[in-house]
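By convention in this document, chain letters (A, B, ...) are assigned in the order of the sequence lines, proteins followed by strands, and residues within each chain are numbered from 1.
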Amino acid sequence: MTTPAPTPAPKSMDDIMALCKRRGFVYQASEIYGGINGFWDYGPLGTLLKKNLRDAWWNDVVMFPCWGRKGPTDERVSIVPVDTCIIQNPRVWVASGHAAGFADPMRKCPGCGHFVRADHLWDILATQSEWLSSLLQEFTPITGEIDTPRLIKWARGRGKRVAPHLALVKQPEVVLSFLATRVNGQPDAPPDLQEIVRYIATAQLHATGLQDPCPRCGAPLGKPSAFKLMFESWAGVVQDDDHRVYLRPETAQGIFVQFKNVVDTTRVRAPFGIAQTGKSFRNEVTPRNFTFRSREFEQMEIEFFCHESEAMAWYAFWRDWRMEWWKSLGLAGDNLILREHEKDELAHYSKATSDIEYCFPFTSPGFGELEGVAYRGNFDLTQHQQHSGVKLDYFDTDRGELLPNGSRKGERYIPHVIEPSAGLDRGVLALLCEAYTKDDSRPSPEFMKFHPRVAPIKAAVFPLVNKDGMPEVADRLHADLSRAFGRQGLIETDAKQSIGKRYARMDEAGCPFCFTIDGETLKDQTVTLRDRDTGAQQRVGIDKVVGLVGDALSTSG
RNA sequence: GCGGGUGUAGCUCAGUGGUAGAGCGUCACGUUGCCAACGUGAAUGUCGUCGGUUCAAGUCCGAUCACCCGCUCCA
C-alpha cells in the first residue's frame, strides 16, 4: 500500500491577509479613518515586492525584451517605453469608447444582470430585442388589436424561450386582464405600443406601477442610476462640464495617442512595441477580494504594432512568452493557466484574446485574470485617427514590390496591435498567495516562498550569538552582501534573540537565505547557509556567499 | 446593487448590562551555542464610528463605515 502524496491544505485568504498586515505587506488605505472601499496601501515589504515585480517586467520587457528571444519574423523583439499622463484630453476617452457607454444613467436587469442605457431603452427594445420583435408579430397589424388567446399561446410557447422573465410569460392571464381593463376603460385613448409593452412587463400593477422590460429577458428593469466607470475631476479653476477631466481607466490609450510621436522621433521600425507601467482608476461597482479588484491599481502594458499579415503569429508569440514569464517568477504548476477566449467572449474588434489566470484562494477552484493578451486589430489607432483627424498610419519601407534599385516600394498601413496587459497589483497578490505556505510541523509554520528575484529581503546574516567576535564577522559579510545586492533588495542582519526566532522572522518575510556566523567560522572561514523552504543547513565558505546569492538572483529565461 | 457574516492590543481571539482580558508577537535585561528556547520585566486599546436606551453599554437598540462569503457586475 502506498501512501498518497499529502495534498497541501487549501490556503486561507484570512491567514494570508493577517500575515500581510502583520509583516507590513498590505495595509488598508486610510485605515485610521475607517478605511475606504476599494483602496489598499502597501507597507514596506509589500512596496519592495511590488517594485521587484515591476522591475522584473521592466527589465524583461523594455530593457532586454523577451530575454533576447527572437520573434516570429526572426528579429529580436523591439520595445520602447513611454510614460504618459493619467489625465488626458477628455476626447481620448470618447475615441476609446470609455466615455460613451458608461457615463450615462444605466438600468440594471435583475433577471439576466445586464445593464441597459436608460435613454436608449426604447430604441434598443424596438430594434434589438428578440422577444419584442417576436411578440409584435402576434399583434394584429395597424389596428394593434389585442388577440388574447394568441398572446397566451405565445407566452406559453416561444415567449418562454426568448423572454423567460417577462411578466406576460410568467402570469399571462393576470397581465392580459390588466391590459384589457386599460383598453376597455378608456376606449377613446387606446394605449400606444410603449404603454402596451410596459403593461406586459408588469405582474403586479397596483404594487409596482408600470414596469419597463429588459430587452434581453423581459424582467422589469431597476431604476436608472448613474454608472460612471471613470473617476472625474476638473482641470483649472472653473469646475464645470467644459473643464471636466477623467482619471484614465487604462494606460493603453496614452500609448496609442503618442504612437505617431514615437514613430516620428525614435527610429522604431515595425514590428515594434511601446510599453508603459502606471496607475489606472476604475470606479468598480463591487471592489472585492482583498486587492484583486481595487479602484486604484497599477498596470504594465505593451502595445505591439505590426503588419496585419504577421499579427496572429505575434499574438501567439506574446501569449506564450508572457505565460513563461509569469512561470519564471514562481507561479508555476497547476495554479497558473492560459485560457483562450471563446468567440462569443471576444470584444467586437478583437480577433483573439487569451487570459493568463491564477487560481487564487478566493477564486478556487476557479481562476482570476492576471494578464490579458489581446489581438485588437487596428481598432484603437483607427478610432484615434478618426476622432483626432490626425493620420496614424505607418509607412513600412520593408514592404511593397521590389524596385529595380533593390529597395522596396513601401506600404502604408495602420498597424495591427497585440496588447499584453498585465495587472501589477494582481501579480503581487498572486505572488503573495503562491508564496504563502503553512506547515504546522515546522518551528515557523507560516512562511513565504518567494522566488529570490521578487523577494523583498534577499539575504540575512546572523551571528549565532552576540559575542566572541561573531558580530564583527557578521557585519563584514552584511556589508559585502549589501554592496553587491543592496540595490536589488534588503540585506538584513540581526544579533538579538534566539537564532530560531530570527530564522522564523525571515521565513515570514520570505527571505530565501540566512547565513549564520558561528564559532567554526572563526576557525575555518565557513558559515551556515540555512534554506528557507526546507530548513536544511549546509556549510559554505564565507567567500562563496556573494556568488551564491548572485546566482540565485540572476536566473531568468 | 441584493442577501448572509464579522468588527475588542501589531496578529489570533475570549469577554454573563457592573474595574478591559488571554495567547502569540514587539521591546528591554539576563541566560543562551542552529530553529518562534528559558527567566524577569515593559509598552500597546477612544472595544470600527455616530447616536439611542439605562444609575451603568464592549455587551441591548438604531444608523453608518470597513472587511469577508454567496449572487450580480467587470465596457
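- In this structure, Q383(A) atom CD and A75(B) atom C1' are separated by 13 Å, rounded to whole Å.
- Between C61(B) and G4(B), the distance separating the two P atoms is 15 Å to the nearest Å.
- Going from atom CD1 of I36(A) over to atom C1' of C65(B) covers 11 Å, rounded to whole Å.
- Atom CZ in R532(A) sits about 19 Å away from atom P in A36(B), given to the nearest Å.
- Residue-to-nucleotide contacts include a donor-acceptor pair under 3.5 Å from the side chain of Q537(A) to the base of C34(B).
- Atom pair M506(A):CE and G25(B):C1' shows a separation of 14 Å (rounding to whole Å applied).
- Taking only distance into account, the side chain of Y503(A) meets the base of C34(B) through a donor-acceptor pair shorter than 3.5 Å.
- With hydrogens and angles ignored, a donor-acceptor pair closer than 3.5 Å exists between the side chain of R288(A) and the base of G70(B).
- With rounding to whole Å, K11(A) atom NZ is found 20 Å from C68(B) atom C1'.
- A cation-pi contact, defined as under 6.0 Å to the ring centre and within 45° of the axis, is absent between R54(A) and W57(A).
- Between K21(A) and U12(B) there is no side-chain N or O to OP1 or OP2 distance below 4.0 Å.
- Distance noted for atom P between A43(B) and G52(B): 35 Å (whole Å).
- At the phosphate of C68(B), neither OP1 nor OP2 sits under 4.0 Å from any side-chain N or O atom of N289(A).
- For K496(A), a side-chain nitrogen or oxygen approaches OP1 or OP2 of A28(B) to under 4.0 Å.
- Side-chain atoms of D14(A) and base atoms of C68(B) include no donor and acceptor less than 3.5 Å apart.
- Straight-line distance from the CG atom of D494(A) to the P atom of C34(B): 17 Å, rounded to whole Å.
- Distance check on atom P: G39(B) versus U44(B) gives 24 Å, rounded to whole Å.
- Relative orientation of the H98(A) and W93(A) rings is perpendicular, given thresholds of 30° and 60° on the angle between their planes.
- Spacing of P atoms, G10(B) relative to U26(B), comes out at 15 Å, to the nearest Å.
- Residue L229(A) contributes atom CG, which lies 9 Å from atom C1' of C74(B) at whole-angstrom precision.
- Between Q497(A) atom CD and C35(B) atom P the separation is 16 Å, expressed in whole Å.
- At least one donor-acceptor pair closer than 3.5 Å links the side chain of T382(A) to the backbone N or O of N378(A).
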